[in-house]
Asks: 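Pasting a structure below so you can have a look.
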Amino acid sequence: ISQPQAKSKQRTFFLFDHQVVFCKKDLLRRDILYYKSRIDTDSMDVVDVEDGKDKDFNISVKNAFKLQNKFTNEIHLFCAKKSSVKQRWLQAFENERKQVQLDKETGFAITEVQKKQAMMNAKKSHPAGKPKGDLFFSLIKSLNIGVRHINLNCII
C-alpha cells in the first residue's frame with residue numbers, strides 16, 4: 001500500500017476503533033471476503049487529498065485521502081468512486097478519533113476475557129469446512145460492533 005510505483009487494487013475496508021481492516025473479494029465467489037491486513041489508526045493522520053497529481057505517489061487521483069504514519073514514512077492512499085463517499089470516510093475517521101478519545105477519558109475498555117470469548121463464539125458458529133473469511137463477520141457479530149465499511153480503491 002505504501003509504494004509509489006505500485007498499482008491500484010480494489011479492497012473492502014472496515015473502520016473500527018483503533019484500526020482499519022481490509023479484505024479482498026474471492027475471485028470466483030464475489031460474496032466472500034478474505035482478511036488481508038489491518039492498519040493501526042492510532043499512529044496515523046488522515047489527510048484530505050485534492051484532485052489532481054499526488055506528489056507522494058506521482059499519479060493523478062480523484063476523491064482521494066491518505067493515512068500517513070506519524071512516526072514513519074508509511075503512506076496509504078485511498079480513492080473513492082464518488083466525492084460523497086470520500087466525505088463519508090473523512091467524517092467516519094473524525095468520529096472514530098472522537099470515540100477513541102471519549103473511551104480513553106471515561107476508562108472504557110474491552111477486557112482480554114471478552115475478546116477471547118468473542119473469538120470462541122465466532123469459531124463455534126462455523127463448521128470447519130466453511131471459508132475462513134466468514135470468521136471475520138462472526139467475530140464482528142459476537143462483539144456486537146457497529147461497523148463502517150465500503151469498497152475503495154487503494155494503492156498496493
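The first residue in the sequence is number 1, and the count goes up from there. Hydrogens, waters and symmetry mates are skipped; everything else that's a heavy atom, side chains included, is used.
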Asks: Dump the intermediate steps for side-chain contact (heavy atoms from CB on, under 4.5 Å) on D103 and D17, then the final yes or no.
Replies: CA-CA 10 Å; D103 290 348; D17 294 350; 3.6 Å; yes
Asks: Does M44 form a side-chain contact (heavy atoms from CB on, under 4.5 Å) with Q68? I'd like the steps, not just the answer.
Replies: CA-CA 5 Å; M44 297 287 178; Q68 291 184 314; 5.6 Å; no
Asks: Using 0.5 Å steps for rounding, measure from the CG atom of D56 to the CG atom of N73.
Replies: 9.5 Å
Asks: State yes or no: are the ring centers of F78 and F13 separated by less than 6.0 Å?
Replies: yes
Asks: If you count the non-hydrogen atoms of other residues, nucleotides and ligands that lie under 6.0 Å from NZ in K55, is the total more than 12?
Replies: no
Asks: Kindly indicate whether the side chain of F22, heavy atoms from C-beta on, has any atom under 4.5 Å from the side chain of F14.
Replies: no
Asks: Can you measure from CD (Q99) to NE2 (H18) and round to the nearest 0.5 angstrom?
Replies: 9.0 Å
Asks: Can you get from L90 to V100 by hopping between Ile, Leu, Val, Met, Phe, Trp and Tyr side chains that sit under 4.5 Å apart?
Replies: no
Asks: Nearest 0.5 Å please: distance from the OH atom of Y35 over to the SG atom of C23.
Replies: 8.5 Å
Asks: Please list, chain by chain and in numerical order, all residues satisfying side-chain contact (heavy atoms from CB on, under 4.5 Å) with S60, sequence neighbours excluded.
Replies: none
Asks: Inspect the contact between K66 and D48 and indicate whether a charged nitrogen and a carboxylate oxygen are less than 4.0 angstrom apart.
Replies: no
Asks: Would you say D51's side chain and N63's backbone share a donor-acceptor pair under 3.5 angstrom?
Replies: yes
Asks: Just verifying a value: how many Å separate L77 CG and L67 CG, rounded to the nearest 0.5 Å?
Replies: 9.5 Å
Asks: So does K98 pair up with E94, basic N to acidic O under 4.0 Å?
Replies: yes
Asks: Report the distance from atom OG1 of T12 to atom CD of Q10, rounding to the nearest 0.5 Å.
Replies: 7.0 Å
Asks: Keeping the roles fixed (side chain from K86, backbone from V49), state whether a donor-acceptor pair exists under 3.5 Å.
Replies: yes
Asks: For a side-chain contact (heavy atoms from CB on, under 4.5 Å) check, start with the C-alpha distance between K25 and L33, then their side-chain angles and the critical distance, and finish with the verdict.
Replies: CA-CA 5 Å; K25 284 188 178 184; L33 295 173; 3.5 Å; yes
Asks: State whether R97 and D42 are salt-bridged, where the test is any N-O pair (Lys NZ or Arg NE/NH1/NH2 against Asp/Glu carboxylate O) under 4.0 Å.
Replies: yes
Asks: Considering non-hydrogen atoms only, spot the tightest contact between E96 and Q19 and give its length.
Replies: OE2-N, 4.3 Å
Asks: Output the distance between atom OG1 (T41) and atom CG (L15), rounded to the nearest 0.5 Å.
Replies: 6.5 Å
Asks: When you check the side-chain N and O atoms of Q101 and E105, is any donor under 3.5 Å from an acceptor?
Replies: yes
Asks: When hydrophobic residues are tied together by side-chain contacts of less than 4.5 Å, even through go-betweens, does V85 share a cluster with V20?
Replies: yes
Asks: Does the side chain of Q114 pick up a donor-acceptor pair with the side chain of T111 at under 3.5 Å?
Replies: yes
Asks: Hey, mind stepping through F65 and V47 against side-chain contact (heavy atoms from CB on, under 4.5 Å) and telling me if it holds?
Replies: CA-CA 6 Å; F65 63 91; V47 179; over 6 Å; no
Asks: Same cluster or not: V46 versus I39, using hydrophobic residues (I, L, V, M, F, W, Y) connected whenever any side-chain heavy atoms lie under 4.5 Å apart?
Replies: yes
